[in-house]
Amino acid sequence: DSPLVLQSDRNVTVNARNNLGQVTGQLTVGAEMVEAQCQRFEVRSTDGERVLFSADEDEISIGTDKLRVTGNEGVVFSHSVETPHVRAEPFQDLKLESPTRTLTLEAPKGVEVNAGVGEFKASCRKDLTLESSEGEIFLNANSIRLGNLPHGSVDPLLGPGTTYPKQTVPPTVCVFGAEKGLMDMFTCTMCFRPWTTALG
């Protein structure tokens with residue numbers, strides 16, 4: 001009923017040997033570092049049933065339900081990360097950032113970014129591209145606003161069916177017909193106004 005104390009002015013080293021006398025595992029407790037040398041290192045739960053942390057030459061596995069990193073700078077990964085779920089703490093922002101290179105999210109069956117409460121914001125310094133090689137880009141909202149677009153003009157004396165020459169300004173989007181995919185048409189079926197730019 002008393003603890004076993006191993007004390008040294010430098011460090012304490014515990015060795016495990018095989019039947020040939022070779023060291024197969026070593027634990028060293030020093031003044032500045034605790035070092036373990038073995039083929040596999042494990043940390044188990046109090047009942048010994050669950051492996052909470054394990055490490056070997058091939059991988060590191062964390063078996064807890066939640067991994068929390070409390071540093072102000074977050075987590076830095078040198079290479080790729082594979083995980084089924086990334087979530088911020090309650091009432092905290094989740095930020096995925098690559099300050100100098102590209103941030104890539106990939107999944108064979110799709111990537112979902114969901115903000116249950118609040119807003120989702122995607123911003124960049126240069127171009128933001130939405131591209132679908134085989135499907136469609138679907139915007140579903142009560143209102144769709146495109147700000148800071150230059151406006152073209154149409155001669156009111158020109159009659160219906162007049163072919164308008166190409167212009168260099170983007171088309172003015174009619175919010176009444178936006179959900180019907182009328183971007184390729186010249187006349188909005190809701191307000192019967194021609195687009196300000198011929199698109200083809």
Side-chain angles (χ1 to χ4, degrees), residues 16 24-149 170-171 173-175 177-184:
T24 57
Q26 185 178 86
L27 178 66
T28 302
V29 179
E32 298 179 355
M33 182 175 60
V34 176
E35 181 179 348
Q37 296 182 13
C38 53
Q39 292 183 349
R40 180 177 175 85
F41 178 78
E42 289 185 357
V43 177
R44 291 183 172 268
S45 59
T46 54
D47 57 6
E49 296 294 328
R50 297 177 56 200
V51 177
L52 303 180
F53 177 87
S54 66
D56 56 30
E57 292 184 357
D58 297 326
E59 68 176 8
I60 294 176
S61 176
I62 299 175
T64 57
D65 295 332
K66 181 184 294 185
L67 173 63
R68 179 184 285 112
V69 179
T70 59
N72 293 331
E73 297 298 325
V75 184
V76 178
F77 298 98
S78 299
H79 300 288
S80 63
V81 179
E82 182 177 341
T83 177
H85 194 186
V86 177
R87 181 178 61 189
E89 289 292 327
F91 307 106
Q92 298 294 323
D93 294 333
L94 174 65
K95 189 174 184 180
L96 303 177
E97 182 181 24
S98 179
T100 58
R101 298 296 295 272
T102 301
L103 177 63
T104 303
L105 303 177
E106 292 182 352
K109 293 187 177 180
V111 175
E112 178 181 354
V113 179
N114 183 18
V117 178
E119 64 179 16
F120 168 72
K121 182 179 180 181
S123 62
C124 61
R125 184 175 180 180
K126 294 186 178 179
D127 295 338
L128 175 63
T129 302
L130 299 177
E131 180 180 349
S132 177
S133 59
E134 297 181 2
E136 63 181 3
I137 297 176
F138 180 59
L139 302 177
N140 184 12
N142 293 331
S143 63
I144 299 174
R145 295 183 299 169
L146 301 176
N148 299 325
L149 288 179
V173 177
C174 176
V175 296
E179 73 277 3
K180 296 185 178 180
L182 301 176
M183 294 296 291
D184 293 335

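Values below: all heavy atoms of this structure, side chains included; hydrogens, waters and symmetry mates excluded.
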Any donor-acceptor N/O pair, T24 side chain to A16 backbone, under 3.5 Å | yes
What salt bridge (Lys or Arg N to Asp or Glu O under 4.0 Å) pairs are there with at least one residue in residues 47-56, not counting sequence neighbours?
->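 Output for this query lists R40-D56, R50-D65.
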If a pair satisfies salt bridge (Lys or Arg N to Asp or Glu O under 4.0 Å) and one of its residues is in residues 90-117, list it, with sequence neighbours excluded.
->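 Every salt bridge (Lys or Arg N to Asp or Glu O under 4.0 Å) pair that includes a residue of residues 90-117, provided the two are not neighbours, is K95-E97.
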Please name all residues satisfying side-chain contact (heavy atoms from CB on, under 4.5 Å) with [X], sequence neighbours left out, ordered by chain then number.
X: L94; answer: V86, A88
X: F77; answer: V75, V81
X: V43; answer: F41, F53
X: R125; answer: none

Nearest 0.5 angstrom please: [X] [atom1] to [Y] [atom2], how far?
X: L67; Y: I62; atom1: CG; atom2: CD1; value: 4.5 Å
X: Q37; Y: L27; atom1: CD; atom2: CG; value: 10.0 Å
X: L52; Y: S61; atom1: CG; atom2: OG; value: 10.0 Å

Work out which heavy atom in [X] is nearest to a heavy atom in [Y]; give both atom names and the distance.
X: G25; Y: C38; value: CA-CB, 4.4 Å
X: I144; Y: L139; value: CD1-CB, 3.7 Å
X: V51; Y: S54; value: CG1-CB, 3.8 Å
X: I60; Y: A55; value: CG1-CB, 3.9 Å

